[in-house]
Amino acid sequence: MSLDYSPASGPVGEGIDLSHGIIRSEHAGRANTVERAIVRRLSPHRSGVIDAYDHEVLLPDHAPTSLRKLVALVRTYEAQHLPRQQDLLSITTVRFNRGLTHHSAWELARCFARGSFNARNLAVVMVHHVPALAARKHKPHVHLLAPVRELHQEFGPFVMLDKATLAAEWREIVAPGRG
């Protein structure tokens, strides 16, 4: 699968397997939408059905409960898209060693999503991939796709996360005291 964003460069530190970038409205001459970017992760084999291992929407505490449904979140965010808004979503991917159970990996990523995204008033769509289940060699991983605007009762100011900060926060979850 070719990327629909440019990953941020820079080191993340030993033992940390994290990538981060911004999905923009256009990448490499192709148009992106929020819906298409999320569907790409939910259906990585292009089967037309959700075949990711797991997925979930996590909201900041004060966000409307109705946005817990993925379709409602995407439609609302796209409806509140600003006329010249180029940045659509941040995408952060955390990868896990193959020996870690899938449910343990999911809970680590969930903790990260709550502390690094929801705590900054960002909604996040988590998508879990386990490539070995499709006879692929890549490590199990979770994509965290977040609208780049704070969510209160509606979408507001932009919040731009950086790779170094996210890597440090991820390190604290997977290797407390090593940061």
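As a basis for the values below, the full set of heavy atoms in this structure was taken, side chains included, without hydrogen atoms, waters or symmetry mates.
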Can you check whether R41's main-chain N or O pairs, donor with acceptor, with H129's side chain at less than 3.5 Å?
-> yes
Check: E78 side chain, E35 main-chain N or O, donor-acceptor pair, under 3.5 Å = yes
Residues forming a side-chain hydrogen bond (donor to acceptor under 3.5 Å, both in side chains) with T76, sequence neighbours excluded = none
Please answer whether the main-chain N or O of S116 pairs with a side-chain N or O of R120 as donor and acceptor at a distance below 3.5 Å.
-> yes
Report yes if some heavy atom in the side chain of V12 is under 4.5 Å from a heavy atom in the side chain of L166; otherwise report no.
-> no
For T93 and L144, what are the C-alpha separation, side-chain angles and deciding distance, and is it a side-chain contact (heavy atoms from CB on, under 4.5 Å)?
-> CA-CA 6 Å; T93 302; L144 300 124; over 6 Å; no
R36 and V39, any side-chain heavy atoms less than 4.5 Å apart | no
Approximate separation, where rounding is to 0.5 Å, of L100 CG and L108 CG = 6.0 Å
Heavy atoms of I16 and R171 approach each other most closely as CG1-NH2, 3.3 Å
Euclidean distance, R40 CZ relative to D4 CG, rounded to 0.5 Å | 4.0 Å
Are more than 12 heavy atoms from other residues, nucleotides or ligands located less than 6.0 Å from atom CZ of R114?
-> yes
Sub-4.5 Å side-chain heavy-atom contact between M126 and H55 = no
Could you check if a side-chain atom of N118 sits within less than 4.5 angstrom of a side-chain atom of L122, using non-hydrogen atoms only?
-> no
Donor-acceptor contacts under 3.5 Å from residues 148-164 side chains, at least two apart:
from	atom 1	to	atom 2	distance (Å)
R149	NE	G156	O	2.8
R149	NH1	Q80	O	2.6
R149	NH2	F155	O	3.0
E150	OE1	H152	NE2	2.7
H152	ND1	H62	NE2	3.1
Q153	NE2	H62	O	3.1
D162	OD1	A164	N	3.3
D162	OD1	T165	N	2.9
D162	OD1	T165	OG1	3.1
D162	OD2	T165	OG1	2.8
K163	NZ	A8	O	3.1
K163	NZ	G10	O	2.8

H141 ring center near F96 ring center (under 6.0 Å) = no
Within the side chain of Y5, is there an N or O that forms a donor-acceptor pair under 3.5 Å with the backbone of H20?
-> no
Give the ring-plane orientation class for W106 versus H128, where under 30° counts as parallel, over 60° as perpendicular and anything between as tilted.
-> parallel
Got a donor-acceptor contact below 3.5 angstrom from the D17 side chain to the V94 backbone?
-> no
Going by heavy atoms in the side chains, are L70 and L42 under 4.5 Å from each other?
-> yes
Have S19 and R95 got a donor and an acceptor in their side chains that come within less than 3.5 Å?
-> yes
Under a 4.5 Å cut-off applied to non-hydrogen side-chain atoms, are H81 and L88 in contact?
-> yes
Given the rule in the side-chain contact (heavy atoms from CB on, under 4.5 Å) test, do E56 and L58 qualify, once you have shown the distances and angles that lead to the verdict?
-> CA-CA 6 Å; E56 181 178 13; L58 296 176; 3.4 Å; yes
Trace of the side-chain contact (heavy atoms from CB on, under 4.5 Å) decision for R24 with Q85 | CA-CA 9 Å; R24 296 179 52 87; Q85 182 177 335; over 6 Å; no
Is there a donor-acceptor pair under 3.5 Å between the side chain of E169 and the backbone N or O of F112?
-> no
